There are 2 protein chains.
Amino acid sequence: MNCALPYQERNIITLAHGGGGRVFHQLLAGEISSRFPKGSGHDAATFPTSGNWAMTTDSYVITPRIFPGGDIGKLAVCGSVNDLAMGGAKAKYLTLGLIIEEGLPMDELRIILDSIASTCARADVDIITGDTKVVDRGRGDGLYINTTAVGEVLSHHFVHPNQVKPGDVVIVSGDVGRHGAAVMASRQSLQFDSEITSDCGLLHETALELCQSLEVHCMRDLTRGGLASALIEVAQESGTGTSISEELIPVTEHVASFCDILGLDPVYVANEGRFAVWLPASEVDQALKIMHHHEISSGACVIGDVRQTTAYPVTMVTPYGTHRPLDMMSGEQLPRIC
Amino acid sequence: MNCALPYQERNIITLAHGGGGRVFHQLLAGEISSRFPKGSGHDAATFPTSGNWAMTTDSYVITPRIFPGGDIGKLAVCGSVNDLAMGGAKAKYLTLGLIIEEGLPMDELRIILDSIASTCARADVDIITGDTKVVDRGRGDGLYINTTAVGEVLSHHFVHPNQVKPGDVVIVSGDVGRHGAAVMASRQSLQFDSEITSDCGLLHETALELCQSLEVHCMRDLTRGGLASALIEVAQESGTGTSISEELIPVTEHVASFCDILGLDPVYVANEGRFAVWLPASEVDQALKIMHHHEISSGACVIGDVRQTTAYPVTMVTPYGTHRPLDMMSGEQLPRIC
């Protein structure tokens with residue numbers, strides 16, 4: 001629709017919003033900087049440091065941008081905060097890179113920026129600098145977000161896959177497969193009796209309490225490739241074998257039905273608020289107590305243990321007592337879930 | 001063209017390359033990690049810190065991805081290193097976020113990754129962690145790159161627009177307008193007698209020597225919006241007025257002709273290896289000596305000075321002696337130049 005209003009007054013993003021001129025500065029001041037008051041307002045931001053720090057980056061290209069249980073903005077903050085937490089670090093500062101496609105409704109951008117701001121507040125992390133680019137119509141997909149987080153390493157132990165040892169127990173922090181199922185259902189407009197909501201959430205409180213109190217060997221969030229891929233990666237890096245019991249893996253009835261219908265395996269479906277923990281058997285009770293105390297990990301349970309290297313990195317014992325080796329997926333079940 | 005080879009053997013990026021499975025790990029190990037040996041191989045990387053650090057982020061969406069004088073990879077490293085340098089900080093660690101469109105030729109990706117690696121080596125900066133996403137065909141534009149840099153603040157003074165004072169002299173580090181002109185010429189396949197090459201380059205050595213030796217008040221790279229926008233932004237933030245002389249602004253004959261033909265003003269055209277410096281008049285000779293010593297700033301010269309606030313933030317004295325106020329552009333001359 002052609003419209004007589006000058007482009008900056010139309011309620012959509014235009015190429016001028018990415019241009020470094022007046023319209024760009026209006027977008028920055030009116031929509032972005034106002035939501036992130038700790039931003040430096042410059043290309044770079046400074047902060048005092050000491051000790052060991054950690055850094056992580058992720059780009060988010062999820063479609064749809066708003067899904068049951070979250071949106072690309074919440075996901076972008078949770079993802080980077082969680083990635084640092086898995087290494088025993090608390091995210092402190094975040095950068096925000098937006099790649100916006102010309103034509104994105106300004107109202108949708110506002111919803112997502114609000115979501116970023118409220119998730120940052122919950123994560124106790126400040127966006128201190130950012131960057132906004134606009135690409136022409138048909139050259140993007142509405143909005144891509146990059147967040148990069150830095151923060152101090154707080155863990156008393158070195159939390160890393162190579163610390164995993166035979167005898168370690170593997171805990172999963174809750175039911176798996178919800179994020180991928182929610183996104184897929186939302187994308188395909190699949191109607192189910194009960195809407196599946198993404199588990200998208202912040203893991204830093206439970207993860208940091210764990211690794212500051214206990215001898216945690218490794219933590220890993222269960223994102224792309226799901227639980228199975230995380231277990232395989234850690235087993236391969238630590239040179240051990242993991243045995244898990246299919247019956248012990250928590251999957252909600254709705255996710256199980258959804259996966260059954262579509263022929264998916266929930267252990268490969270992505271999560272955005274779930275992680276696995278590897279630690280000595282002697283610490284398991286205490287770990288579960290800590291995890292159950294945090295809502296995000298209230299469904300935590302033991303799913304298996306670590307052995308000497310076996311023929312396969314990860315073996316799943318089925319309810320029939322058979323042993324099924326889990327293999328790395330070749331491609332992926334569902335693209336663009338994060 | 002349909003092809004009987006399995007997708008992972010075709011020489012293009014497929015959605016599976018972004019999926020977290022085997023093909024994804026092959027891409028990571030074979031093409032990315034191998035070029036960046038300081039990468040942690042994990043979602044997060046750790047490093048020791050002390051003192052004040054700076055952080056900057058930028059996404060690069062330039063089209064075409066390879067242009068005379070550079071490519072999106074070189075640009076992505078230079079841009080983030082330069083942004084930190086403008087604040088008196090030396091980039092030390094970089095993250096690399098790739099958003100690749102399905103179908104990108106693997107050979108082009110390799111060229112760009114090689115360029116990133118060699119520019120990092122020249123900038124003495126390590127890529128320590130990264131992220132790779134693949135979006136479906138038609139939902140991206142080949143390749144977008146995000147780089148986020150952190151590093152220590154080395155300047156002995158606070159280098160910031162609000163330090164600029166009446167009496168300061170403004171130096172520009174070389175001829176302006178080359179990057180934007182090169183990209184535009186390349187995009188439109190405009191044929192000129194002499195190809196204009198981008199000034200894309202690393203500014204950290206000259207900028208850091210300046211702010212470690214002299215009382216530099218402010219430095220600003222002349223990217224989106226060009227020299228004019230940088231001068232206006234700094235004048236507005238410092239509450240001063242700047243007077244520059246059009247005759248003193250270095251523009252090559254080729255860029256001047258190009259801009260004449262297209263009706264562009266070179267002071268608004270983007271640069272990627274140029275910056276302006278604000279410092280007391282007493283330091284100018286020493287500053288020029290330092291700048292001329294570095295090839296990237298060998299064309300440095302004084303273009304004006306800072307006054308008490310005037311009616312306009314920046315006034316340009318034309319060769320005819322008239323005074324032309326420079327105004328912030330409304331949109332931009334040329335989208336997606338960085």
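To find a chain, count down the sequence lines: A is the first, B the second, and so on, and within it residues start at 1. Hydrogens, waters and symmetry mates play no part in the numbers below; they use all other heavy atoms, side chains included. Computed from a predicted structure; not experimentally measured.
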Self-check item: Winner by heavy-atom pair count (cut-off under 4.5 Å) against chain B, out of A:A89, A:P161, A:G87
Solution: A:P161

Quiz prompt | Interchain contact, A:L15 with chain B, by part (heavy-atom threshold 4.5 Å) | solution = both

Quiz item: Looking only at heavy atoms, what is the nearest atom pair of A:I99 and B:I99, with distance?
Solution: CD1-CD1, 4.4 Å

Self-check item: A:Y312 OH: over 12 foreign heavy atoms closer than 6.0 Å
Solution: no

Quiz item: Charged N to carboxylate O under 4.0 angstrom, B:D43 versus A:R220?
Solution: no

Quiz item: Counting only N and O atoms by type, is there a donor-acceptor contact under 3.5 Å from the side chain of B:R224 to the main-chain atoms of A:G18?
Solution: yes

Practice problem: Taking all heavy atoms of A:M55 and all of B:T148, pick out the closest pair and write down the distance. | Solution: CE-O, 3.7 Å

Quiz item: Once you round to the nearest 0.5 Å, how far does CG of B:D136 lie from CZ of A:R336?
Solution: 4.5 Å

Self-check item: Spatial distance of atom NE2 (A:H42) from atom CD (B:E233) [nearest 0.5 Å]
Solution: 9.0 Å

Exercise. Indicate yes or no for a side-chain donor-acceptor contact from B:T49 to the backbone of A:T49 under 3.5 Å, with no hydrogens or angles considered.
Key: no

Quiz prompt | Option that, when pairs with chain B are counted at under 4.5 Å, heavy atom only, ranks first among A:D83, A:I128, A:V134, A:L98 | solution = A:D83

Quiz item: With chain A, which of B:E101, B:H25, B:E152, B:M86 has the greatest number of heavy-atom pairs at distances under 4.5 Å?
Solution: B:H25

Quiz prompt | Segment of A:P335 engaging chain B (4.5 angstrom heavy-atom cut-off) | solution = side chain

Quiz item: Closest heavy-atom contact between B:S229 and A:G20?
Solution: OG-O, 4.4 Å

Practice problem: Provide the closest heavy-atom pair for B:L84 versus A:A44 in the form atom of the first, atom of the second, distance. | Solution: CD2-CB, 3.9 Å

Quiz prompt | Single hit among A:T95, A:N146, A:D131 for side-chain contact (heavy atoms from CB on, under 4.5 Å) with B:D58 | solution = A:D131

Self-check item: Gap separating the CG atom of B:N52 from the CZ atom of A:F47, nearest 0.5 angstrom
Solution: 9.0 Å

Quiz item: Measuring heavy-atom distances to chain B, does A:Y144 have an atom under 4.5 Å in its side chain, in its backbone, in both, or in neither?
Solution: side chain

Quiz item: A:M328, A:R139, A:H160: which one forms the most heavy-atom pairs within less than 4.5 Å of chain B?
Solution: A:R139

Quiz prompt | chain B contact via A:E237 - which portion, at a heavy-atom distance below 4.5 Å | solution = side chain

Quiz item: Is it the backbone or the side chain of A:S80 that comes under 4.5 Å from a heavy atom of chain B, or both, or neither?
Solution: neither

Quiz item: For the candidates B:T57, B:T46, B:T56, which exhibits the highest count of non-hydrogen atom pairs separated by less than 4.5 Å from chain A?
Solution: B:T57

Self-check item: Contact winner vs chain B - A:S50, A:G51, A:P48, A:G225, heavy-atom pairs under 4.5 Å
Solution: A:G51

Self-check item: Per-residue contact mode, A:V153 against chain B (heavy atom under 4.5 angstrom)
Solution: side chain

Quiz item: Any donor and acceptor pair, going by atom type alone, linking the side chain of B:K133 with main-chain N or O of A:V61 inside 3.5 Å?
Solution: no

Quiz prompt | Region of A:L96 in contact with chain B, defined by heavy-atom distances below 4.5 Å | solution = backbone

Quiz item: What distance separates B:D141 CG from A:D141 CG, expressed to the nearest 0.5 Å?
Solution: 13.0 Å

Quiz item: For the side chain of B:R22 and the backbone of A:M329, is there at least one donor-acceptor N/O pair under 3.5 Å apart?
Solution: no

Quiz item: What part of B:T223 gets closer than 4.5 Å to chain A, counting heavy atoms only: side chain, backbone, both or neither?
Solution: neither

Quiz prompt | Nearest heavy atoms of A:S59 and B:G97, plus distance in Å | solution = OG-CA, 4.2 Å

Self-check item: Atom NZ of A:K92: over 12 foreign heavy atoms under 6.0 Å
Solution: no

